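Okay, so here's the structure we're looking at.
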Amino acid sequence: MKFDTIIIGGGLAGLTAGIDLSRKGQRCLIVSSGQSALHFFSGSLELCSLDEDPFKAISSLGEDHPYTKIGYDNIIRYSEAVQPWFKEVGIDFVGEHGKNHWRITPLGGFKRAWLTLDEYANIPSDGTMPWKKVALLNIDGFLDFHTSYIAAGLAERGVETMVKGISMPELDRLRENPTEMRSTNIAKTFAGDLIGALAARINEYAKDVDAVLMPAVVGLTGSTDVHRLKEMVVRPLHFLPTLPPSVPGIRIQMMLKNRFQKLGGTYMLGDSVVSGEFENGRLKSICTNNHGAVKFEADNFILATGNFFSKGLTSTVDGVREPIFGLDVDSLEVRAEWYRRNMFEAQPYMNFGVSTDGCLRAMKDRKPVENLYAAGSVLSGCNSLKEGSGAGVAIISALHVSESILKK
Ligand SMILES: Cc1cc2nc3c(=O)[nH]c(=O)nc-3n(C[C@H](O)[C@H](O)[C@H](O)COP(=O)(O)OP(=O)(O)OC[C@H]3O[C@@H](n4cnc5c(N)ncnc54)[C@H](O)[C@@H]3O)c2cc1C
């Protein structure tokens with residue numbers, strides 16, 4: 001089977017590249033093993049959080065960083081397209097292009113973010129709190145949302161918080177077994193006809209407050225119920241992230257996949273690429289777990305398999321590997337240098353990843369593979385946790401690689 005481009009990995013990077021290439025007329029295949037980091041999504045895209053100005057922060061990064069390879073002017077250009085790009089898919093993000101704001105974490109901390117889903121709470125970059133008093137609601141029995149930490153975080157910033165629990169008989173079945181009281185199961189219940197009843201319960205606590213905050217447990221399959229609920233609640237309603245799984249993250253993953261398929265793309269979920277055939281410095285074809293000896297050929301390939309978290313990289317006592325093609329990996333030889341004992345310090349292993357040349361072509365035996373590009377968190381040279389650059393690197397590198405393929 002022959003495609004224009006085959007993308008390995010269907011997370012944020014793979015889907016961004018797949019959509020972009022398909023929109024521009026390419027015949028694409030995405031092969032994806034399973035869940036991606038989007039299933040753990042906070043509700044905010046980070047571009048670079050080292051400074052209030054993400055672009056000032058980006059310009060200070062080292063020469064091996066993927067952003068530096070992509071180039072400052074290109075990053076400005078791609079980043080300007082991100083909000084409209086998601087809007088076209090039906091996903092609304094808010095935020096100033098040149099200024100990070102603050103988001104509230106599931107444990108009540110405040111972190112810099114670049115774009116945040118419009119249904120979520122976000123705080124201006126100068127830290128001025130938009131509310132004096134809020135109702136902070138949880139669903140009775142839901143353990144993945146910690147109102148006491150969030151209330152403490154808000155109190156530190158001078159916000160008075162009224163914490164309340166909401167109980168609805170429709171959730172009793174889930175409540176019988178605490179392991180069933182997960183964000184995704186609650187979101188399956190809080191849908192359609194029940195939105196009106198949920199709004200009525202929320203409104204009981206919404207009268208004397210500036211805003212209502214609640215866990216993101218609405219809108220698993222689309223944002224219609226989110227908007228309906230916001231309209232029915234008498235005060236501004238903002239969602240806060242829960243511990244995983246992330247309801248909006250799963251929704252975004254599904255909406256991006258649907259968009260890709262609508263554009264004519266082929267998406268093979270639950271299959272893994274296991275090997276590739278190289279010829280004259282090019283990748284000729286790949287084989288997958290489910291399709292045995294069937295060879296999938298393409299003019300170009302994109303490796304978007306993520307980092308250790310998604311098995312895009314694996315490690316043993318002997319070293320770090322890229323497991324499909326045995327590509328060159330930037331890592332440290334001495335194992336004891338991979339990590340710092342203080343878990344709150346920046347961890348060196350977070351910078352490990354596939355080596356690439358200046359065009360983000362993957363290196364094998366110290367030579368770039370002419371038609372194999374890498375995008376997203378499989379790339380070496382960035383520490384998304386320390387820099388706050390995860391989604392930014394995924395989206396910007398995917399758009400860059402897609403442009404390079406189309407220019408050929
Ligand atoms: C838990 C977690 C939460 C995060 N939350 C945020 C956040 O809220 N905001 C933010 O800005 N950044 C966040 N990040 C940073 C994150 O890395 C990026 O945001 C981004 O989503 C990474 O996308 P990706 O496509 O590069 O990789 P991934 O999302 O990891 O996707 C890689 C995909 O490749 C597939 N795959 C792997 N091997 C194979 C194979 N052999 N064959 C086929 N498919 C394969 C995997 O199954 C997976 O679907 C988070 C990271 C993690 C680990």
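These figures come from a predicted structure and were not determined experimentally. As the structure lists them, so they are numbered: ligands from 1, and atoms in each ligand from 1.
At under 3.5 Å, not a single nitrogen or oxygen of Gly376, backbone or side chain, sits near a nitrogen or oxygen of ligand 1. In terms of polar-atom proximity, defined here as any N/O pair under 3.5 Å, Ala375 makes no such contact with ligand 1. Looking at ligand 1, you won't find any N or O of Gly392 less than 3.5 Å from one of its N or O atoms. Ligand 1 has a nitrogen or oxygen under 3.5 angstrom from a nitrogen or oxygen of Ser310. Considering backbone and side-chain N/O of Ser272, none are found under 3.5 Å from N/O of ligand 1.
Residue His39 places every heavy atom at 4.0 Å or more from ligand 1. Residue Leu15 places every heavy atom at 4.0 Å or more from ligand 1.
One option in Gly9, Gly390, Ala391, Ser44 has a heavy atom closer to atom 9 (N) of ligand 1 than any other, and that option is Ser44. Nearest-heavy-atom check against atom 20 (C) of ligand 1 across Ala394, Gly306, Ser33 picks out Ala394. Of the candidates Ala37, Pro241, Pro244, it is Ala37 that places a heavy atom closest to atom 52 (C) of ligand 1. Nearest to atom 27 (O) of ligand 1 by heavy-atom distance, out of Ser377, Gly11, Ala113, is Ser377.
Using cut-offs of 30° and 60° for the angle between ring planes, the Phe278 and Phe325 rings count as perpendicular.
Nearest to atom 3 (C) of ligand 1 among the protein's heavy atoms is Phe40 CB, 3.7 Å. Nearest to atom 7 (C) of ligand 1 among the protein's heavy atoms is Ser42 OG, 3.6 Å.
Remark: Arg77 pairs with Asn74, Glu403 by the side-chain contact (heavy atoms from CB on, under 4.5 Å) rule, at least two apart or across chains.
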